[in-house]
Amino acid sequence: MVFIMNPYNHNKIEKKWQKYWESKKLNKAKENNKKKKFYSLIEFPYPSGKGLHVGHIRSNTAMDIISRKRRREGYEVLFPIGWDAFGLPTENYAIKIGIQPAIVTKKNTDTFRKQLKSLGFSFDWSREINTTDPKYYKWTQWIFLQLLKKGLAYKKKMTINWCPKDMIGLANEEIVDGCCERCGTKVEKREKEQWMLAITKYAERLDKDLDNTDFLEKIKIQQRNWIGKSEGAEIDFPVKCFDKKIKVFTTRPDTIFGVTYIVLSPEHYLVNELISKISNKLEVEKYIKNTKNKNEIERTDAKSEKTGIELKGVKAINPANKEEIPIWIADYVLANYGTGAVMAVPAHDERDKQFALKYTLPIKEIDLANKEEMISKYGKPITKFKLRDWIFSRQRYWGEPIPVVHCEKCGIVPLNEKDLPLKLPKVKNYQPTETGESPLATISKWVNTKCPKCKGKAKRETDTMPNWAGSSWYYLRYIDTKNKKAFADSKKLKYWTPVDWYNGGMEHTTLHLLYSRFWHKFLFDEGLVPTNEPYKKRTSHGMILTEEGEKMSKSKGNIINPDEIVKNLGADTLRIHEMFIGPFDQAIAWNSDTIAGSRRFLEKVWKLQEKIGKDSNENIEILIRKTIKKVTEDIEGMRFNTAISSMMILVNEFEKQSEIDKIDYEILLKLLAPFAPHITEEIWLILGNKKSIHLSSWPKYDESKLVESVFKIMIQINGKVRGQIESNADISDQELEKTAINKPEIKKWIEGKTIKKMIIIKGKLINIVV
RNA sequence: GCCAAGGUGGCGUAAUCGGUAGCCGCACAGCACUCAAAAUGCUGCGAGAGCAAUCUCAUGGGAGUUCGAGUCUCCCCCUUGGCACCA
């Protein structure tokens, strides 16, 4: 029989199998108590107008590989997908072209869905969610009401960071170098009433519970730095002849005997009280005024020279040695950290020293005292955090409405839960306003309503939630997407939580990842979810940069669109390429030349069909076992590049053979299937298999049969390789020494020299020292 | 300044319980096939010396530990990411 092989037609194959898998519902997850579950999660994409980015494909393919492997290891796998669709870019685009954001979102998600499907990801599409769907954000609003009920959501007049371009208030986490994270515009300060979430109440647990997670170490470190836990003491310094105390926070109570002055922040509440008692009132008032005129960046720049002014005529008393010390104010002391006052120890603190030298304040060398003793004598232990409460209001249209009203009589009143969702009204104009009011404020028909409590006149809250709201709990909704009675059924939650493996970007470490851990812990405290932490394991991918090594960004227009590659070379080639291009956790520059190698690899795999015969030998068998081991372990360690490399080695070896065993070929296909699901499925069918390759079990290997019976043993002279011996595993040390010395290429190196010693590493090498 | 990860051929990288540095891929060169090209296949490919066998040098720089260092220790330089007057 003559075997006629068709050419590798990726377009035909990929479309065919994508259709087939969908019709067979191969990736549908269900609660199956007979099976162990595995919940794998990618960060759901923001459906931008530019379509899918090659970076999405990198992280999605990685989790797709892991999900596919788990299914074949016998797990019930939940690998869902949805859309994080609220947010500014869509709103800005909608304003620009005059179309409703909801319509823009629909169009964008349609594009994304089509693109994702073209790549063959094994998502359970029946669980698709969208944060802008009222059936979804009903529950985002519901969780907000629970937070409000527990006093964790509150409104506060405060100075906020205002982006004048986006006309929106920003959370601390959304500011980079004093500029808007999104558009790079310099952030301004504004006084405004804001909704806040008390994430600081969870600071301790958000820090401590990291111990019990399997997050990458760098992710833990970054979260810990952001939370900024600092253990120290609060110590009261009495003010002389004045019935007041200055409370300072210090991490070094052991240096208390070296304190030579106190520094208050210019905003400190005691400054106002002390100002009438001082002799240089005018100068101090001038200094405070100057401070107010400085912007945040000038104020907090560590490099700028420190300035300050003494409050002349008042003194504080060091509680440890009763010394009278001067009181200063300086703008490098932050009002909103610690107590807004510091004790200065110039001999033991570089910053205090600089300040003391500049203003010729005394520097006192001391012996360090016992920390615990000093705390118990002069203060009390206390833990401070850098983390601030989360600013939760946004003054824009395209977000979840905050479900409360402002009643003339009752104040802030939450909506009744049965009245949720509070839908976003359709507006003619979603242009943000310079006044800082949400566009919703202009719809008087929507704004004016009745108080749910007293039925009197009330106005709706017009701020909306930030885009981080919907993403703070979406992994819970995936578990039970259609539930109308609860955000998810408790039995289903029990089966699926926590997320077993969550991969995402490092840029979300202090934003989304922290926020969602906070919400989850709150829901846990409310008895609404069964686990303390949402995610068991968190890993991160490196970014894909442009060929020039720049960030790909919409504004620069240097984004690589994957559609062309899928069309011309195939989804399997693109998937292989993105996994092979370099270490998964490392940022990497896109290179359009090297993709040819991935395509060639798949072509080679395809052509191996011609070689099927019966021939197999021991070396091939060992190589196959090694490949199984390597691919199996590398997937777990996200070393996809070396996994592919090892499969390439196997394919190259197959090519050298005149015939290959069908069983051996099938093992290669099984290993490759998570990486290149279409081509492997097609060949699998051609080889006569009836059931999908993705339902086959993951290959196993016999650990004891990994080594060849004949070893190559290196011969070194003084650590340099000079020859080698082929031997079997049983060779004795004496025999080995004799053989090595008698080898002619070795002899010439040791002639006329004395052998000092010989080092033998069993099965590996012999080193002769002369 | 602090924290983290890195620095290996022309390029992306591989090898880190210390044991043949450069696997795999890209690019490049030669050959085969072809009227020709592409594709494909074969061969070569760190630098230097040599007809060759082979030798010397080489993993950011310097020192050290060791029979033996890309890998461990110390110092320094550089790149990337994060934090940054946090008391």
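Residue numbering restarts at 1 for every chain, and letters A, B, ... go by the order of the sequence lines.
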Where the side chain of A:R600 is defined as all heavy atoms beyond and including C-beta, which of B:A87, B:G82, B:C26 is the nearest nucleotide?
-> B:C26

Out of B:C85, B:U56, B:A87, whichever nucleotide has its closest atom nearest the side chain of A:D331 | B:C85

Which value, in whole Å, describes the distance between the P atoms of nucleotides B:G1 and B:U73?
-> 23 Å

With both distances kept under 3.5 Å, what pairs with B:C83, Watson-Crick or G-U wobble?
-> B:G1

Inter-nucleotide P distance (B:A27, B:A38), Å rounded = 13 Å

Please state whether the phosphate of B:G25, meaning OP1 or OP2, lies under 4.0 angstrom from any side-chain nitrogen or oxygen of A:S598.
-> no

Candidate pair A:K743 and A:R722, rule side chain to side chain contact (heavy atoms under 4.5 Å, CB included), full reasoning = CA-CA 10 Å; A:K743 282 230 157 199; A:R722 301 296 182 190; over 6 Å; no

So which heavy atom on A:L574 is nearest to which on A:I565, and how close?
-> CD1-CG2, 3.9 Å

Under a 3.5 Å limit for both distances, which nucleotide forms a Watson-Crick or G-U wobble pair with B:A32, could you say?
-> B:U40

Phosphate OP1/OP2 of B:G25 contacted by A:N652 side-chain N/O (<4.0 Å) = yes

Pairing of A:E633 and A:K629 as salt bridge, 4.0 angstrom limit = yes

Report which part of the nucleic acid A:L334 touches: base, sugar-phosphate, or nothing (heavy-atom distance under 4.0 Å, all strands).
-> base

A:N718 CG to B:U20 C1', straight-line distance once rounded to whole Å = 16 Å

Nucleotide B:G82, atom P - distance to CG of A:L514 in whole Å | 17 Å

Nearest nucleotide by nearest heavy atom, which residue falls closer to the 5' end of RNA chain B, A:V176 or A:K607?
-> A:K607

So, is A:K720 near the phosphate of B:C57, with a side-chain N or O under 4.0 Å from OP1 or OP2?
-> yes

Check ion pair A:E234-A:K245 (N to O, under 4.0 angstrom) | no

Could you check whether A:W749 gets within reach of a base, just the sugar-phosphate, or nothing at all, counting any heavy atom under 4.0 Å?
-> sugar-phosphate

Of the listed nucleotides B:C3, B:A14, B:C67, the one nearest the side chain of A:I759 | B:C67

Parallel, tilted or perpendicular: which describes the rings of A:H577 and A:W590, with under 30° parallel and over 60° perpendicular?
-> perpendicular

Does B:G6 pair with anything, Watson-Crick or G-U wobble, both distances under 3.5 Å, and if so, with which nucleotide?
-> B:C78

Quick one: look up who B:G18 pairs with, Watson-Crick or G-U, both distances under 3.5 Å, and put none if it's unpaired.
-> none

note: A:K218, atom NZ; B:C83, atom P; distance rounded to Å ~ 14 Å

How many Å lie between NZ on A:K756 and P on B:G68, as a whole number?
-> 10 Å

Counterpart base for B:C11, defined by Watson-Crick or G-U wobble contacts under 3.5 Å | B:G25

Nucleotide of B:U40, B:G19, B:A87 approaching A:Y337 most closely (side-chain heavy atoms) | B:A87

What nucleic acid atoms does A:V345 come within less than 4.0 Å of, heavy atoms only: base, sugar-phosphate, or nothing?
-> nothing

Heavy atoms under 4.0 Å, any strand shown: does A:I761 hit a base, just sugar-phosphate, or nothing?
-> base

Pairwise P distance for B:U59 and B:C2, with rounding to whole Å = 28 Å

Contact under 4.0 Å: A:N641 side-chain N or O vs B:A14 OP1/OP2 | yes

Look at the side chain of A:S645 and decide which nucleotide, out of B:U40, B:G19, B:C24, has an atom nearest to it.
-> B:C24

Examine B:C55: is either OP1 or OP2 under 4.0 Å from a nitrogen or oxygen in the side chain of A:R722? Give yes or no.
-> yes

A:Q222, nearest nucleotide to its side chain (from B:C85, B:C55, B:G82) = B:G82

Just call it for A:D352: base, sugar-phosphate, or nothing, with non-hydrogen atoms closer than 4.0 Å on any strand.
-> nothing

Have a look at A:M714 and say if it touches a base, only the backbone sugar-phosphate, or nothing, with a 4.0 Å heavy-atom cut-off.
-> base

Donor on one side chain, acceptor on other, A:T307 and A:Y287, under 3.5 Å = yes

Could you verify whether a donor N or O on one side chain and an acceptor N or O on the other, from A:H508 and A:E43, lie under 3.5 Å apart?
-> yes

Quote, to the nearest angstrom, the P distance that separates B:C72 from B:G18.
-> 9 Å

Whole-Å gap separating P (B:C83) and CE (A:M506) | 10 Å

Polar side chain donor-acceptor pair, A:H541 to A:N503, under 3.5 angstrom = yes

Indicate, with a heavy-atom threshold strictly under 4.0 Å, whether A:I221 touches base, sugar-phosphate, or nothing.
-> sugar-phosphate

A:I595 CD1 to B:C26 C1', straight-line distance once rounded to whole Å = 12 Å

Mate of B:U54 across any strand shown (Watson-Crick or G-U wobble, both atom pairs under 3.5 Å) is B:A49

Nucleotide nearest A:K604 (side chain, heavy atoms from C-beta), chosen from B:C24, B:G41, B:A87 | B:G41

Closest of B:A14, B:G25, B:A21 to the A:P583 side chain is B:A14

Euclidean distance, atom CZ of residue A:F237 to atom C1' of B:A87 [Å, nearest integer] = 12 Å

Looking at every strand, decide which applies to A:V342 at a 4.0 Å heavy-atom threshold: base, sugar-phosphate, or nothing.
-> base

Taking atom P in both B:G30 and B:G12, what distance in whole Å separates the two?
-> 25 Å

Who is the Watson-Crick or G-U wobble partner of B:G64, with both distances under 3.5 Å?
-> B:C72

Tell me which nucleotide among B:G19, B:A87, B:C26 gets nearest to the side chain of A:T594.
-> B:C26

Per the atom types in the model, does the base of B:G6 pair as donor or acceptor with the side chain of A:Q586 at under 3.5 Å?
-> no

Identify, between A:M343 and A:S646, the residue whose nearest nucleotide on RNA chain B lies closer to the 5' end.
-> A:S646

Rounding to the closest angstrom, what is the interatomic distance between B:G10 and B:C45 at atom P?
-> 15 Å

Anti/syn call for B:G9, syn if |chi| within 90° | syn

Counting heavy atoms from C-beta on, name the nucleotide in B:A87, B:G12, B:C55 closest to the side chain of A:F580.
-> B:G12

Lys/Arg-Asp/Glu bridge criterion (N-O < 4.0 Å) met for A:K364, A:E323 = yes

With a non-hydrogen cut-off below 4.0 angstrom, is A:R639 in contact with a base, only sugar-phosphate, or nothing?
-> nothing

Taking atom C1' in both B:A15 and B:G9, compute the distance separating them and give it to the nearest angstrom.
-> 15 Å

Rounded off to whole Å, could you give me the CD1-to-P distance for the A:I576 and B:C24 pair?
-> 17 Å

Looking only at atom C1', what distance separates B:G7 and B:G70, rounded to whole Å?
-> 11 Å

Please evaluate the base of B:C85 for a donor-acceptor partner in the side chain of A:K306 within a cut-off of under 3.5 Å?
-> yes

Would you check if the side chain of A:W606 reaches a backbone N or O of A:N6 as a donor-acceptor pair within less than 3.5 Å?
-> yes

Contact class for A:K757 (heavy atom, under 4.0 Å): base, sugar-phosphate, or nothing?
-> sugar-phosphate

